[in-house]
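Everything below concerns the one structure shown next.
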Protein chains: 2
Amino acid sequence: MNWQKQLSDLGFRVSAPRKRVMAVLESAQQPLTPLELHQTLLRDHKAIGLASVYRTLGLLSALGIVEVVYRSKGEMGYMAAAQGHHHHILCQECQRAVEFSGLEDLSELIDHVENQTHYQVRDHLLQLYGLCPECQSKHADEKE
Amino acid sequence: MNWQKQLSDLGFRVSAPRKRVMAVLESAQQPLTPLELHQTLLRDHKAIGLASVYRTLGLLSALGIVEVVYRSKGEMGYMAAAQGHHHHILCQECQRAVEFSGLEDLSELIDHVENQTHYQVRDHLLQLYGLCPECQSKHADEKE
DNA sequence: AATCTTATTGATAATTAATTTCAATAAACA
DNA sequence: TGTTTATTGAAATTAATTATCAATAAGATT
Ligand SMILES: [Mn+2]
Ligand SMILES: [Mn+2]
Ligand SMILES: [Zn+2]
Ligand SMILES: [Zn+2]
């Protein structure tokens, strides 16, 4: 189900500002902060009110249509949410982020931690950081 | 090596405000925001300037003496850093957090993701969320 | 297609969080 | 005990987020 149908089925309107926010997120290669998203729309002559950027991100992330990704120094960025259980890996050099799938990913670890701590695990936050293929090449070049 | 020696070896001073910040973090059961930490010091008649709270957390986290933990709704809290490679599990009810050790924790997953995405993994962020033993009991009580 | 209803928007104000500035203070050391 | 200077506290500044409210437009109803 696409996000527009999802919105309207829940009684929310598919407004022009919401379309613009989703258009940016769907073509972005990296998580964007609300301010960056707003700047992008300005630059593309698709400006909307800054308050609407915050409102839209708030609504769409509450519905799971967009999701929060923590960037290297702790800033929260937003990305269009991919399908199914997944996590993100971010490039520390160019900030480009891609998803990787993860269903059975942590089950052993979780069992171990539940026994060790006696906490009951209900959710998790997992992100990987490193270098994307392109930035690996650049690093190799510099060392020649 | 304790944090005071670590600081002075690097030429930083072991000041009263820094001692107060560490005293709070070392006795806290949960990650605290800068504002919460400042409030705590106020309540205990150990007040220091708010700017000093920010400055101290900035310095000590840059040195690895304190560390950032993401709380449930995305706020960043600070905790005294434990020794060695570890992660945290947080209670979604009472916010209490404990460490669990993790050295070999993600090696398989990381191999898999490196092959799948061609990213080179250099770091990771992992936190678990759930219910601490005490809050599990309370939940069980309510359902009787 | 015109009209109605009301969710949503944009502009601005208000709030909250974080950083900067700088004279006064107090750690560390001789 | 005196000297040096990193650090502090208070206030000002900047940045980020939220609230307010009249104007607008999305979607439903004729
Ligand atoms: Mn997972
Ligand atoms: Mn680990
Ligand atoms: Zn890259
Ligand atoms: Zn608990």
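Below, chains carry the letters A, B, ... as their sequence lines are ordered, and counting in each starts from 1.
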* Is any side-chain N or O of A:Y54 closer than 4.0 Å to OP1 or OP2 of D:dT17? -> yes

* Does any donor atom in the side chain of B:R122 or A:Q92 lie under 3.5 Å from an acceptor atom in the other side chain? -> yes

* To do: Determine, for B:E26 against B:K19, whether the closest basic-nitrogen to carboxylate-oxygen distance falls under 4.0 angstrom.
  => no

* From D:dA10, C:dT8, C:dT9, nucleotide with atom closest to B:R55 side chain -> D:dA10

* Ignoring backbone atoms, test whether A:S15 places a side-chain nitrogen or oxygen under 4.0 Å from the OP1 or OP2 oxygen of C:dT8. => no

* Asked: D:dT20, C:dA28, D:dT8: which one has an atom nearest the side-chain heavy atoms of B:P17?
  -> D:dT8

* To do: Look at B:R18 and D:dT7 and indicate whether a side-chain polar atom (N or O) is within less than 4.0 Å of OP1 or OP2.
  => yes

* Asked: Are A:H88 and A:Q30 close enough that a side-chain donor and a side-chain acceptor fall under 3.5 Å?
  -> no

* Can you check the B:L10 CG to C:dA28 P distance for me, whole Å? -> 13 Å

* Spacing of A:L37 atom CG relative to D:dT17 atom P, expressed in whole Å -> 12 Å

* Length of the line joining A:F12:CZ and C:dT9:P, which is rounded to integer Å -> 11 Å

* Value in whole Å for how far the P atom of D:dT7 lies from CG of B:L60 -> 11 Å

* Asked: So, is A:S52 close to the C:dG10 phosphate, meaning a side-chain N or O under 4.0 Å from OP1 or OP2?
  -> yes

* **From D:dG27, C:dA27, C:dT21, nucleotide with atom closest to A:V14 side chain** => D:dG27

* Asked: So does A:E36 pair up with A:R43, basic N to acidic O under 4.0 Å?
  -> no

* Does OP1 or OP2 of D:dA25 have a side-chain N or O of A:R13 closer than 4.0 Å? -> no

* Structure fact -> Rounded to whole Å, the CZ-P distance (B:R20 to D:dT7) equals 17 Å

* Please figure out whether B:G49 or B:G11 has its closest DNA chain D nucleotide nearer the 5' end. => B:G11

* Nucleotide D:dA10, atom C1' - distance to CD1 of B:I48 in whole Å -> 14 Å

* Once you round it to whole Å, what is the distance between P of C:dA17 and CD of B:E36? -> 10 Å

* Structure fact -> note: B:L59, atom CG; D:dT8, atom P; distance rounded to Å ~ 9 Å

* Side chain of A:L35 (C-beta onward), nearest among D:dG9, C:dA17, D:dA16 -> D:dA16

* Asked: Does a side chain donor of either B:D105 or B:H87 reach within less than 3.5 Å of an acceptor in the other side chain?
  -> yes

